[in-house]
Peer 1: 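Here it is: the structure, laid out below.
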Amino acid sequence: MDPAIAENIVLLAIVTLISVIQNVSFAFKVENESKSQQSRSFQRTGSPAFEKVYTANQNCIDAYPTFLALLWCAGLLCSQAPAAFAGLMYLFVRQKYFVGYLGEKTQSTPGYIFGKRIIFFLFAMSVAGILNYYLVIVFGSNVEMYLKTISTTISPFLLIP
């Protein structure tokens, strides 16, 4: 692979691989809880503990395609570093959501709300990148440096609850 291309996507690829590892760990938790029920086949219902693990995993899987699409769109169209940082924050929040869901359901709420905020940030970065593309085509004006500066400046604010 051309080093110039790899340089522009390496952080996104790292975050993607970390997210895959996280998904696998969630799946193992579901499998372990299923085995503890001593059933011969996988079932979607069972003890309350299994249902919590299964539901938390399903909720994370449901949001995963949206996260990946926005991560890559924001990183490719706007700026890689802030998108990768937001992606890492999302994975941290998703872990918090998963663990919180296994306790009281109200413990998962902060992770859920924080995750929505990060998804919105990635969406806004993607839209800004698309708008910049059309600004270049229509007006010949490139605001890419401004977008990178703004997204890099705003991304640490994702840490504020």
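If you're wondering where the values come from, they're calculated on a predicted model, not measured in any experiment. Quick note: numbers below take in every heavy atom, side chains included, and nothing from hydrogens, waters or symmetry partners.
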Peer 1: Please list, chain by chain and in numerical order, all residues satisfying side chain to side chain contact (heavy atoms under 4.5 Å, CB included) with Ile113, sequence neighbours excluded.
Peer 2: Thr109
Peer 1: Nearest 0.5 Å, what's the CG-CG distance between Leu12 and Leu68?
Peer 2: 10.5 Å
Peer 1: In Å, rounded to the nearest 0.5 Å, how long is the span from CD1 of Ile14 to CG of Leu11?
Peer 2: 5.5 Å
Peer 1: According to a hydrophobic-cluster definition based on side-chain heavy atoms being under 4.5 Å apart (Ile, Leu, Val, Met, Phe, Trp, Tyr only), do Leu70 and Val20 belong together?
Peer 2: yes
Peer 1: Considering residues at least two apart in sequence or located in another chain, which fulfil the side-chain hydrogen bond (donor to acceptor under 3.5 Å, both in side chains) criterion with Asn132?
Peer 2: Asn142
Peer 1: Any chance you could measure Thr66, atom OG1, to Leu71, atom CG, to the nearest 0.5 Å?
Peer 2: 12.0 Å
Peer 1: Under the rule for side chain to side chain contact (heavy atoms under 4.5 Å, CB included), what residues qualify as partners of Thr149, not counting sequence neighbours?
Peer 2: Thr153
Peer 1: Can you pull the side-chain hydrogen bond (donor to acceptor under 3.5 Å, both in side chains) pairs that have at least one residue in residues 75-87, sequence neighbours excluded?
Peer 2: none
Peer 1: side-chain hydrogen bond (donor to acceptor under 3.5 Å, both in side chains): which pairs involve residues 10-22, sequence neighbours left out?
Peer 2: Thr16-Trp72, Ser19-Tyr64, Gln22-Arg94, Gln22-Gln95
Peer 1: Please name all residues satisfying side chain to side chain contact (heavy atoms under 4.5 Å, CB included) with Ala49, sequence neighbours left out, ordered by chain then number.
Peer 2: Glu33, Ser47
Peer 1: Could you pull out all donor-acceptor pairs under 3.5 Å where a side-chain atom in residues 118-127 meets a protein atom, sequence neighbours excluded?
Peer 2:
residue, atom, partner, partner atom, Å
Ser126, OG, Ala74, N, 3.2
Ser126, OG, Leu122, O, 3.0

Peer 1: Distance check, rounded to the nearest 0.5 Å: Phe28 atom CZ versus Asn23 atom CG?
Peer 2: 12.0 Å
Peer 1: Considering all heavy atoms of both residues, which atom of Leu91 and which atom of Ile18 are nearest to each other, and what is their separation?
Peer 2: CD1-CG2, 3.6 Å
Peer 1: Taking Ile21 as the starting point, is it possible to reach Val15 by hopping between hydrophobic residues whose side chains are less than 4.5 Å apart?
Peer 2: no
Peer 1: Name all residues meeting the side chain to side chain contact (heavy atoms under 4.5 Å, CB included) criterion together with Phe85; count only those two or more places apart in sequence or in a different chain, and write none if there are none.
Peer 2: Met89, Ser155, Leu159
Peer 1: Spell out, yes or no, whether Ile61 and Tyr101 are grouped together once hydrophobic residues are joined by side-chain heavy atoms under 4.5 Å, including indirect joins.
Peer 2: no
Peer 1: If I compare all heavy atoms of Cys60 with all of Phe98, which pair ends up nearest, and what's the gap?
Peer 2: SG-CD1, 4.2 Å
Peer 1: As an exercise, state the distance from SG of Cys78 to CD1 of Ile130, rounded to the nearest 0.5 Å.
Peer 2: 10.5 Å
Peer 1: If you take all heavy atoms of Phe67 and Gly87, which pair is closest and at what distance?
Peer 2: CE1-CA, 3.7 Å
Peer 1: Between the side chain of Lys96 and the main-chain N/O of Pro110, is any donor-acceptor distance below 3.5 Å?
Peer 2: no
Peer 1: Does Leu131 belong to the same Ile/Leu/Val/Met/Phe/Trp/Tyr cluster as Leu76, with side-chain heavy atoms less than 4.5 Å apart forming each link?
Peer 2: yes
Peer 1: Mind checking whether Val10 and Leu88 sit in one hydrophobic cluster, side chains of I, L, V, M, F, W, Y counted as touching below 4.5 Å?
Peer 2: yes
Peer 1: Please name all residues satisfying side-chain hydrogen bond (donor to acceptor under 3.5 Å, both in side chains) with Asn59, sequence neighbours left out, ordered by chain then number.
Peer 2: Tyr97
